[in-house]
Structures are given as C-alpha cells and as structure tokens.
Amino acid sequence: QVQLVESGGGLVQAGGSLRLSCAASGPTFSRRVMGWFRQAPGRGREFVATISWSGDNTAYADSVKGRFSISRDNFANTASLQMNSLRSEDTAIYYCAAAQVGRAYNPAGGVREAMYDYWGRGTPVSVSS
C-alpha cells in the first residue's frame, strides 16, 4: 500500500509557472513507475506525464511537451511536475499516480490509467488568461 499526497497547485496567470509535488509513503517508491494525470471541469481524466523507476525515461502528452517536465527524487520519495508557459486549457485538478511495485516502465502503457494502482486526491491548478 502507498499513499500519495499532492501539493503545489494554485492560481497563476497564463504564461506563468507552477511546480507540483507528490509525496509518497513507504519504502518501495524507487521501484514504482509514477505518473501525473489531470481532469478539467466537465471532462474525463487525461494523461499528462510518466517517469520510470530511475527517472531516466519519461513520456508526455502532446499537449504539454516542451512545457512540462516530470522528475523524481527516490531518496526523498517525491515526484514532481514542473509546469511552464501555462495556458488556460491547463486548468484542471492534477493527480499523482503510482504503479504496482516492480511493474516495468512502458511509455505506451504509462499513458493508461490502468497502469497505476494508487492515486492521490489531487491538487487544483487554475490558469487565468
């Protein structure tokens, strides 16, 4: 079992930046694929980014490529999402997700919610234009 707690959301003007963090409990963080998803008002949850155990491999949704960057610190048990050049369409609740321990990184699979077994409660991001 792992618990995930997101932080760092807030209100920002278009063009601005935010850094989201996800704190994970338990000793197995370094062997879990991590992901970020988001859900905008009135829409389904969508993939944002995923990162492998070591952090050497990442994948992004086309809509955020070049603007967002996912990273992790396996000593601190945290995953982060640096969001730059924010747009109004980035407004959403952002969720951190963790896969089952030992599950291999797969950039194709990592975009699917079914890859992940644990979810945080989300942190809201609102971008004003």
Side-chain angles (χ1 to χ4, degrees):
Q1 188 78 8
V2 61
Q3 292 185 327
L4 305 172
V5 179
E6 302 94 337
S7 62
L11 175 63
V12 64
Q13 289 189 329
S17 299
L18 280 176
R19 185 176 181 85
L20 306 184
S21 292
C22 173
S25 65
T28 58
F29 178 79
S30 64
R31 295 180 60 224
R32 296 183 186 273
V33 172
M34 299 296 295
W36 285 95
F37 286 73
R38 67 186 181 185
Q39 185 167 16
R43 302 184 65 174
R45 192 154 56 185
E46 65 174 4
F47 167 75
V48 175
T50 184
I51 188 166
S52 61
W53 299 359
S54 65
D56 289 344
N57 296 291
T58 59
Y60 298 90
D62 287 344
S63 58
V64 307
K65 273 182 188 175
R67 300 188 298 122
F68 290 13
S69 178
I70 188 172
S71 60
R72 66 189 297 159
D73 182 338
N74 286 341
F75 292 101
N77 277 19
T78 59
S80 298
L81 185 69
Q82 177 66 42
M83 307 187 296
N84 299 325
S85 302
L86 283 161
R87 306 167 180 168
S88 57
E89 54 262 41
D90 295 318
T91 294
I93 305 293
Y94 282 73
Y95 297 91
C96 174
Q100 193 65 261
V101 63
R103 181 169 293 164
Y105 173 79
N106 178 330
V111 308
R112 299 183 295 113
E113 291 187 44
M115 172 77 173
Y116 304 93
D117 299 276
Y118 303 98
W119 295 82
R121 303 183 104 173
T123 184
V125 171
S126 181
V127 184
S128 63
S129 56

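Proximity of Q82 to S71: side-chain heavy atoms (C-beta onward) are nowhere separated by under 4.5 Å. With contacts defined as side-chain heavy-atom distances shorter than 4.5 Å, the pair Y118/Q100 qualifies. Side-chain contact between L4 and W119 is absent, with no heavy atoms from C-beta onward closer than 4.5 Å. Using a 4.5 Å heavy-atom threshold, the side chains of R38 and V48 count as touching. Proximity of R87 to S63: side-chain heavy atoms (C-beta onward) are nowhere separated by under 4.5 Å.
Side-chain contact, Y105 with S54: no donor N or O sits under 3.5 Å from an acceptor N or O.
Note: the hydrophobic cluster containing V33 does not contain I51 (ILVMFWY, side chain heavy atoms under 4.5 Å, direct or indirect links). Connection of V111 to M83 is not established within any shared hydrophobic cluster, with ILVMFWY side chains joined at heavy-atom distances below 4.5 Å, either directly or through further cluster members.
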| task | Check step by step if salt bridge (charged side-chain N to carboxylate O under 4.0 Å, His left out) holds for D117 and R32. | result | CA-CA 10 Å; D117 299 276; R32 296 183 186 273; over 6 Å; no
| task | Dump the intermediate steps for salt bridge (charged side-chain N to carboxylate O under 4.0 Å, His left out) on D62 and K65, then the final yes or no. | result | CA-CA 5 Å; D62 287 344; K65 273 182 188 175; 3.2 Å; yes
| task | Could you walk me through whether D90 and R67 pass the side-chain contact (heavy atoms from CB on, under 4.5 Å) test, one step at a time? | result | CA-CA 11 Å; D90 295 318; R67 300 188 298 122; 2.7 Å; yes
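Within a 6.0 Å radius of CZ in R19, more than 12 heavy atoms belonging to other residues, nucleotides or ligands are found. Shown here is E89, whose CD atom has more than 12 heavy atoms of other residues, nucleotides or ligands within 6.0 Å.
Across every non-hydrogen atom of A24 and F29, the tightest pair is CB-CD1, 3.5 Å. Shortest non-hydrogen contact noted between M115 and A99 is O-CB, 3.4 Å. Heavy atoms only, all atoms of each residue included: M34 and C22 are closest at CE-SG, 4.2 Å. Heavy atoms only, all atoms of each residue included: S17 and S85 are closest at OG-N, 4.3 Å. In this structure, L18 and L86 approach most closely via the heavy-atom pair N-CD1, 3.8 Å. Taking every heavy atom of both residues into account, V125 and L20 meet most closely at CG2-CD2, 4.1 Å.
Separating the OG1 atom in T123 from the CD1 atom in I93 is a distance of 7.5 Å, to the nearest 0.5 Å.
Looking at R72, its side chain does come within 3.5 Å of a backbone N or O of S52 through a donor-acceptor pair. E6 places a side-chain N or O within 3.5 Å of a backbone atom of C96 that can act as its donor or acceptor partner.
The side-chain contact (heavy atoms from CB on, under 4.5 Å) check on S126 picks up L11, T91, with sequence neighbours excluded. In this structure, the side-chain contact (heavy atoms from CB on, under 4.5 Å) partners of A14, at least two apart in sequence or on a different chain, are V127.
Residue pairs that meet the ring-ring contact (aromatic ring centres under 6.0 Å, His included) test with at least one member in residues 44-103, sequence neighbours left out, are F37-F47.
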